[in-house]
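Following: one structure in structure tokens, then a few remarks.
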Amino acid sequence: MRCWLIKSEPDVFGFADLRRRGREPWNGVRNYQARNFLRDMREGDLCLFYHSNARPPGVAGVARVCREAYPDDLQFDPQSPYFDPRSNPAQPRWSMVDIEPLVAFPALVSLDTLRALPEWQTSALTRKGSRLSVLPVSSDQFWAALDAAGLSLDDLNAGPEPRLQA
DNA sequence: GCCAACGTTGGC
DNA sequence: GCCAACGTTGGC
């Protein structure tokens, strides 16, 4: 099982939204490196759900991949901001996975907190100027983030988050 | 294949 | 709102 970090702007779609939805297609990724990482994801992989463009930015919880990569339908929708006129259904350019919420962090683990952890020194997340929205995370980094949230393996094994009311 | 112009990301 | 860093586009 691999670990990942995925970014989302909470004003647009935050971890609480994922808890309300129960499950969500992770669409709109339009960067080749990030897309390739999406395609590497396997069912059951864990994702740190990161809030970008937030004050403060940081990890809000853990999600789990519940469907592996398939074509992102928004690339074919002319009404969508994610429409890509150069893609075609025979050879879709962009992919998405489905994710579900697993554990909400009791409190956000901020970017500042991650930066202070030795495990995170080498991450693309903490590297200045890096804008990658999907990136691999080592198991050391994953557990360090979970520990910073005050959580343990037991909390992950407790199973999916109860669905929030919409 | 180079590279200038442009658009976007995302922390601050 | 600013702007540094980065990716993409397209003329040549």
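First the proteins, then the strands, lettered A, B, ... as listed; each starts at 1.
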Using a cut-off of strictly less than 4.0 Å, decide whether A:K7 has a side-chain nitrogen or oxygen near OP1 or OP2 of B:dG10.
yes
Rounded to whole Å, how long is the line connecting atom CG of A:L111 with atom P of B:dG10?
12 Å
Atom-pair distance (CG on A:L125; C1' on B:dT9), nearest Å:
13 Å
Of A:S130 and A:R93, the one whose closest nucleotide on DNA chain C sits nearer the 5' end is A:S130
A:D84 CG to C:dG7 P, in whole Å, measures 18 Å
Sidechain-backbone polar pair: A:Q91 side chain, A:S87 backbone, donor-acceptor under 3.5 Å:
no
A:W94-A:Y32 aromatic ring centre distance below 6.0 Å
yes
Rounded to whole angstroms, how far apart are CZ on A:R131 and C1' on C:dC3?
12 Å
Closest non-hydrogen atom pair between A:A145 and A:L114, with its separation
CB-CD2, 4.1 Å
Hey, which of these two, A:N53 or A:K128, hits DNA chain C nearer its 5' end, going by closest nucleotide?
A:N53
So which atom in A:L38 and which in A:A69 form the shortest heavy-atom distance, rounded to 0.1 Å?
O-CB, 4.0 Å
So, OP1 or OP2 of B:dT9: does either fall under 4.0 Å of a side-chain N or O from A:R127?
no
Ignoring hydrogens and geometry beyond distance, is a side-chain donor-acceptor pair present between A:T113 and A:S110 at under 3.5 Å?
yes
Within this structure, what is the CG-to-C1' distance between A:D112 and B:dG10, rounded to whole angstrom?
14 Å
Could you tell me how far apart A:Q33 (CD) and C:dG7 (P) are, to the nearest whole angstrom?
7 Å
Can you tell me if the side-chain N/O atoms of A:Y32 get under 4.0 Å from OP1 or OP2 in C:dC6?
no
Would you mind reading off the distance between A:N36 atom CG and C:dG7 atom P, rounded to a whole angstrom?
13 Å
Can you find a side chain N or O atom of A:R86 that sits less than 4.0 Å from OP1 or OP2 on C:dT9?
yes
Starting from P on C:dC6, measure out to CG on A:N31 and report it in whole angstrom.
13 Å
